[in-house]
Amino acid sequence: MAVNLEAGRPSRGVVAMLFLLAFAIFINYIDRGNLGTAATLVQNELHLSTTQLGFLLTAIFITYVPMQPVVGLLVDRFGGSRVLVAGFLIWSLATVLSGFAAGFAALFAFRLLLGVGESVTFPAVARIVAECVPQRYLGFANGVTQAGLQFGPAFGVFFGGMLIAAHGWRWFFVAFGLCSFIWVAAWLILVKGSTHSPKSDIHAARPSMKLILREPSLWGASIGHFCGNYALYFVLTWIPYYLVHERHWSLQQMAVIAGSTYLLGGCGQVACGSLADALIRRGLSATVVRKTSCGIGAVGLAICMLGCAYSGDVASVVWLILAGGVGSFLGVNTFIIAQSIAGPDGTGRWVGIQNMIGNIAGLIAPSVTGILAERTGNFIVPFTITAIVTLAGGASWIFLVGKIERVDWSARAALSDAAAARAGYESA
């Protein structure tokens, strides 16, 4: 790979690649969130209880979560690009098939398949970014790619919500799933023609999984990721339903409100990442800048969640939209810390472990929210729990993650081997 990670600005080819990766995540989150957007219509047509709907919203994570370490190994073994393309094809097929589901069991099975395909996304994207982007521009790069995480739901609930209201949910699933295959062709063309494509030596020396698992910052980042994802999946899976059923907005009004929240979040990702990079290039410590950003995001997001829970209909909308903006300070750092500490050779497996733990929240938040909302008759308790979890996540990023700088894995391996040799000598 002809990319100097200590060089200047990313080339035009790398920037184009970043925007195409962002578009992959954009599609990923439309396909992941379309069930939440169509929840009311799906529930009525398939005669589902609120608890059943909660389990459908959770189903993707039953396969997505345990696949993460496997995908991390595959990414470091075969490269991020190949693995990303394979997973993209699987999740697009699952989206198409979901449009033909006749009941709870079939839709549940297709959501499981969706989880298998989508499991490749973040380990693969994180590895590609770590390979191709200079360290001083990781904030911008992750801001661009993570913006797709926000713009996808924005499109899904704004335009998707309107299309679903006009034409039905099945048509939207099938049509968008088929259109998603176009991305694969575009990516293959770009990578083939780029001198900066992610083609690093996949046979180069890499840190062992044992060394990565011994790194304390991995576990701090994983806890912080879990807490941030709890808020993300609470919003992604239940906010459309909440706006319609508890706040009594129409489907069209829900689409505008939720879409505005995600749109502000996507713009905020790029702005927050670029601002952090600028501060670091001016000489501020990467550790201080990244951790301060996480703290601002966690506190601000928690305040917004409480504001949504305990205010009137109009005020709750303002708090919700603000949550999209302040949450960007937290979300943009999710994989920067992994890329900065693990480096390109360890990013795939690091992110595989971190994303597995982080996405356990996807198994918990949708189902717990559905159960609590059904038993209490409102969303006050779910919003309050989300605020508390978000604050805990901010504390984890700040206090449990160490210095944000590249680990010398070769030195770590040598120390580990020396310690093992001494232990063997002493036992003998």
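- Taking CG of D76 as the reference point, atom CE of M209 lies at 8.0 Å (rounded to 0.5 Å).
- Nearest heavy atom pair, residue Q43 against residue Y241, reads OE1-CE1, 3.6 Å.
- Without hydrogens or angle criteria, Q339 side chain to A126 main chain gives a donor-acceptor distance under 3.5 Å.
- Cation-pi geometry between R281 and Y137 is met: the NZ or CZ atom falls under 6.0 Å from the ring centre, inside 45° of the normal.
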How far apart are the C-alpha atoms of L56 and F108, what are their side-chain angles, what is the distance that settles it, and do they pass the side-chain contact (heavy atoms from CB on, under 4.5 Å) test? CA-CA 6 Å; L56 281 176; F108 189 83; 3.9 Å; yes
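- A 4.5 Å side-chain heavy-atom check between T121 and W91 finds at least one atom pair inside the cut-off.
- At a cut-off of 3.5 Å, with distance as the only test, no side-chain donor of T58 or Y233 sits close to an acceptor on the other residue.
- The nearest pair of heavy atoms linking S340 to L138 is OG-CD1, 3.6 Å.
- A donor-acceptor pair is defined here as one N or O able to donate and one able to accept, closer than 3.5 Å; no such pair exists between the side chain of K291 and the backbone of I404.
- Pairing each heavy atom of L400 with each of G220, the nearest pair is CB-CA, 3.6 Å.
- The pair R282-D277 does not count as a salt bridge, with every side-chain nitrogen at least 4.0 angstrom from each carboxylate oxygen.
- Side-chain contact, S81 with W187: a donor N or O sits under 3.5 Å from an acceptor N or O.
- A donor-acceptor contact shorter than 3.5 Å is absent between the side chain of T51 and the backbone of I371.
- At least one side-chain heavy atom of V317 sits under 4.5 Å from a side-chain heavy atom of W249.
- Proximity of a side-chain donor or acceptor of W238 to a complementary backbone N or O of P366 within less than 3.5 Å is detected.
- Here the side chains of L243 and Q253 are not in contact, with every heavy-atom distance at 4.5 Å or above.
- One N or O on the side chain of T145 and one on the backbone of N142 form a donor-acceptor pair closer than 3.5 Å.
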Would you sort out whether N359 and F122 count as a side-chain contact (heavy atoms from CB on, under 4.5 Å), showing the intermediate values? CA-CA 11 Å; N359 279 278; F122 290 105; 5.8 Å; no
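- Counting heavy atoms from C-beta on, the side chains of T390 and C227 never come closer than 4.5 Å.
- Residues L236 and P240 share a closest heavy-atom pair of O-CD, 4.1 Å.
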Let me see the working for W409 and I212 under side-chain contact (heavy atoms from CB on, under 4.5 Å), right down to the final yes or no. CA-CA 9 Å; W409 294 113; I212 292 173; 4.1 Å; yes
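- Under a 3.5 Å cut-off, the side chain of S119 and the backbone N or O of Q68 do not form any donor-acceptor pair.
- Considering only heavy atoms from C-beta on, F88 comes within 4.5 Å of I27 through its side chain.
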Test side-chain contact (heavy atoms from CB on, under 4.5 Å) applied to T369 and F379, step by step: CA-CA 8 Å; T369 300; F379 279 78; 3.7 Å; yes
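- At least one side-chain heavy atom of L213 sits under 4.5 Å from a side-chain heavy atom of W219.
- With a 4.5 Å cut-off on side-chain heavy atoms, F61 and I364 do not count as touching.
- With rounding to the nearest 0.5 angstrom, the CG atom of L46 is 10.5 Å from the CZ atom of F104.
- Counting only distance, with no hydrogens or angles, the side chain of R111 and the backbone of F55 share no donor-acceptor pair below 3.5 Å.
- The distance from atom CG of L218 to atom CD1 of I357, rounded to the nearest 0.5 Å, is 6.0 Å.
- Taking the six-membered ring for Trp, Y29 and Y262 have ring centres at least 6.0 Å apart.
- Atom CD1 of I90 is separated from atom OG1 of T95 by 12.0 Å, given to the nearest 0.5 angstrom.
- In terms of modelled atom types and a separation under 3.5 Å, the side chain of T292 and the main chain of V289 share no donor-acceptor contact.
- Looking only at distances, no side-chain donor or acceptor of S98 sits under 3.5 Å from a matching main-chain atom of L107.
- Side-chain atoms of T63 come within 3.5 Å of backbone atoms of I60 as a donor-acceptor pair (strictly under, hydrogens ignored).
- Here the closest heavy-atom approach between residue S222 and residue Q354 is recorded as OG-CA, 3.4 Å.
- Distance check, rounded to the nearest 0.5 Å: OG1 of T261 to CD1 of I239 gives 8.0 Å.
- Here the OH-SG distance, from Y242 to C308, works out to 5.5 Å after rounding to the nearest 0.5 Å.
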